[in-house]
Amino acid sequence: MPEGHTLHRLARLHDARFGGHRVRVLSPQGRFAASVSEVDGSVLERAEAHGKHLFHCYGPGIVHVHLGLYGKFTEIPLPPEQPRGQVRMRIVGPDCATDLRGPTACELITPEEVAALRARLGPDPLRADAEPDRAWQRIERSRTPIAALLLDQKVIAGAGNVYRAEVLFRHGIAPYTPGRELGARRWKLVWHDLVELMAGGVRTGRIDTVRPEHEPEAMGRPPRQDRHGGEVYVYRRAGAPCLICATPVVTADLSGRNLYWCPTCQA
DNA sequence: GCCTTATGTTCAC
DNA sequence: TGAACCTAAGGCT
């Protein structure tokens, strides 16, 4: 389940597995079937990600994938068997294959459409070409809570609910702080922290945000692994004691998404 | 087995 | 603001 690091990891994986190779691109069923098969049999030139969007670039066009909440790529053994269940896209390369299920988007688009889509996205902490000042320009004149701004993909692309909760905790920022009250200095620190945290996510495939000195072992507690695979301070830990001050972590609904924070450390 | 929930986005009202 | 999208895992009975 995908925040930006997942998509960058997939881009890297697909580049390694299929890049430079002629591949079969099949759409066994579903609403995405038609357009994607137009690249069937062409060379996957490269794969790249911007925020939570993944792009497979072929000569005839670009396959744009957004995993949404449920989407998932799974590796399948060769030779591929008949797909079981709803497979939205299958890519078969010379020595490996993958099935895509449950995406929000899987469509063939033009380079111009890619450019238009990317123009609507904020800077991505995982991209070398990111300009964090573009995010700051929006944040510094917004009354919207910083917690909401961090999930707004027009402001910053790729951070999701886990990274939002965790980066705010790591910087002791109260989630309802209006963007305009954050301060440029603090923003810079948050941005650089996201760059490092998310790069770690690309390396490991998990979201780990707990500093070594706060790890359970260092604090004399039994080791712990959270449901999403990594280890975190507050995400989905409502009611549990804060790893630093033991205050129960609280949760609230912020525009339809669950927000978690420590009311003491993030006062 | 059934129910709830989820690391997300878009559209209708 | 709420529903729809549509999948898998976890918790419960």
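Computed from heavy atoms alone, side chains included, the values below leave out hydrogens, waters and symmetry copies.
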From CA spacing to verdict: side chain to side chain contact (heavy atoms under 4.5 Å, CB included), A:V39, A:L108: CA-CA 8 Å; A:V39 299; A:L108 187 70; 3.4 Å; yes
Interatomic distance, A:E181 atom CD to A:I173 atom CD1 [nearest 0.5 angstrom]: 12.5 Å
Same-atom distance (P) from C:dA8 to B:dT10, integer angstrom: 22 Å
Spacing of A:R236 atom CZ relative to B:dT5 atom P, expressed in whole Å: 10 Å
Between B:dG1 and C:dC6 - P atom distance, rounded Å: 26 Å
Value in whole Å for how far the P atom of B:dT7 lies from CG of A:L126: 19 Å
OP1 or OP2 of C:dT7 under 4.0 Å from side-chain N/O of A:R88: yes
Spacing of A:L151 atom CG relative to B:dT7 atom P, expressed in whole Å: 9 Å
N/O (side chain, A:N258) to phosphate O (OP1/OP2, B:dA6) under 4.0 Å: yes
Any A:Y235 side-chain nitrogen or oxygen under 4.0 Å from OP1 or OP2 of B:dT7: yes
Spacing of A:N161 atom CG relative to B:dA6 atom C1', expressed in whole Å: 9 Å
Candidates C:dT7, B:dT7, B:dT9 - which lies nearest the side chain of A:Q86: C:dT7
Spacing of the P atoms in B:dT5 and C:dG2 (rounded, Å): 15 Å
Distance in angstrom units between A:E107 CD and B:dT9 C1', rounded: 13 Å
Atom-pair distance (NZ on A:K52; C1' on B:dA6), nearest Å: 13 Å
Single hit among A:R46, A:E48, A:H14, A:H64 for side-chain hydrogen bond (donor to acceptor under 3.5 Å, both in side chains) with A:H56: A:H14
Ring centers of A:Y233, A:H214 separated by less than 6.0 Å: yes
Distance in angstrom units between A:Q153 CD and B:dT10 P, rounded: 9 Å
Interatomic distance, A:F73 CZ vs C:dA8 P [rounded to whole Å]: 14 Å
Phosphate OP1/OP2 of C:dA8 contacted by A:K72 side-chain N/O (<4.0 Å): no
Sub-4.5 Å side-chain heavy-atom contact between A:H53 and A:V65: no
